[in-house]
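Report on the following structure.
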Amino acid sequence: MRIFCVANQKGGVGKTTTTVNLAAGLAQVGQRVLVVDLDPQGNATMGSGVDKRQLTLSVYDVLLESASIAEARQSSPKGGYAVIGANRELAGAEVELVRLEHREKRLRRALEAVRSDYDFVLIDCPPSLSLLTLNGLCAAHGVVVPMQCEYFALEGLSDLVNTIKQVHANLNSDLQIIGLLRVMFDPRITLQQQVSEQLKAHFGDKVFNTVIPRNVRLAEAPSYGQPGVTFDPASKGALAFVEFAKEMVQRLG
Ligand code: ADP
Ligand code: MG
């Protein structure tokens, strides 16, 4: 079982879209996948077709050890993978966790119990470097960083890279950046091409080969409670995410 965080401390950069579509893509190529929603906004939950307003058990209960993953998981009806849901209740976990022991290792411990059930676990992180994100980073083998090829993209990255280095040094020596994923890419925009080249020059093979195009079908899919990969399998966005799933499987050999 390989565990990955999809993280970037900026909001609206495509973390959730990457999480649910990579999950559906991996499922499509035969992998057993669990998505963990660590964002109180619950977008990965809703986008997987699980109603965040009707969760009896969620990642909140898992973090506070009042439920196991086996008890809290549900299946994404269309996505072909399992989900641990989140909703606003999770925002309170931050405060409650602070006074508990091993507060940053709660998710890691919970996942140990389902080690033989999945090939991939994908953790959708909130747009912050909070205790929730720290739980994700402590549990993971690697981080996938979705980013838009815009002017300030590189600048924002240094905080995340520093946090990953610190977690690697102090809490989880397995952790590494698996790669940067260029998302919402529009090749007609010269600036995006330039930033994309800069990324490759700077990060080399840490930049995934697959590029996710800007594609409206990916943005429409969540309101139908499913990932773009299953909502419109022939769309450019869906095809790119299936390609990305294959690249991930290949890279991890
Ligand atoms: P985050 O989880 O980082 O906040 P989201 O995945 O929710 O980001 O994406 C932010 C917005 O951009 C959403 O409305 C989403 O539907 C849209 N979006 C994400 N990726 C794409 C894409 N490749 N093409 C078009 N729209 C996208
Ligand atoms: Mg999100």
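Whatever order the structure lists ligands and atoms in, that order sets their numbers, starting from 1.
- Within a 4.0 Å radius of atom 4 (O) of ligand 1, the protein contributes one or more non-hydrogen atoms.
- Near Gly14, the atoms of ligand 1 lying under 4.0 angstrom from a non-hydrogen atom of the residue are 1 (P), 3 (O), 5 (P), 6 (O), 8 (O), 9 (O).
- Close approach of ligand 1 to Val13 is summarised as follows: ligand atoms under 4.0 Å from at least one heavy atom of the residue are 1 (P), 3 (O), 8 (O).
- With rounding to the nearest 0.5 Å, the separation of NZ in Lys246 from CG in Asn209 is 14.0 Å.
- Counting the atoms of ligand 1 from 1 in the order shown, those under 4.0 Å from a heavy atom of Asn215 are 22 (C), 24 (N), 25 (C).
- Selection from Thr18, Thr17, Val6 by nearest heavy atom to atom 6 (O) of ligand 1 gives Thr17.
- For atom 11 (C) of ligand 1, the nearest protein heavy atom is 4.0 Å or more away.
- For atom 22 (C) of ligand 1, the nearest protein heavy atom is under 4.0 Å away.
- Interatomic distance, Asp174 CG to His168 NE2, rounded to the nearest 0.5 Å: 7.5 Å.
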Step-by-step side-chain contact (heavy atoms from CB on, under 4.5 Å) determination, Glu65 to Arg106
CA-CA 8 Å; Glu65 290 177 358; Arg106 295 267 162 156; 3.2 Å; yes
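- For residue Thr16, an N/O/S atom approaches the Mg ion (ligand 2) to within less than 2.8 Å.
- The main-chain N or O of Phe231 is found under 3.5 Å from a side-chain atom of Gln226 such that the two form a donor-acceptor pair.
- Atom CZ in Phe4 sits 8.0 Å away from atom CG in Leu122 (nearest 0.5 Å).
- Applying the side-chain hydrogen bond (donor to acceptor under 3.5 Å, both in side chains) criterion to Thr17, with sequence neighbours excluded, gives no partner residue.
- If you number the atoms of ligand 1 from 1 as listed, the ones under 4.0 Å from a heavy atom of Gly12 come out as 1 (P), 3 (O), 4 (O), 8 (O), 10 (C).
- Looking at atom 26 (N) of ligand 1, its nearest protein heavy atom turns out to be Ala219 CB, 3.7 Å.
- Heavy-atom proximity to Pro213, at under 4.0 Å, picks out these atoms of ligand 1: 22 (C), 23 (N), 24 (N).
- Using modelled atom types, one finds a donor on one side chain and an acceptor on the other under 3.5 Å when comparing Thr19 with Asp124.
- Atoms of ligand 1 found under 4.0 Å from any heavy atom of Leu218, numbered from 1 in the order shown, are 22 (C), 23 (N).
- Here the straight-line distance linking atom CG of Leu218 with atom CE of Met184 works out to 9.5 Å at 0.5 Å rounding.
- Backbone and side-chain nitrogen or oxygen atoms of Thr16 are examined, and one is located within less than 3.5 angstrom of a nitrogen or oxygen of ligand 1.
- Side-chain atoms of Ser58 do not come within 3.5 Å of backbone N or O of Leu55 as any donor-acceptor pair.
- No part of Pro127 comes within 4.0 Å of ligand 1, judged by heavy-atom distances.
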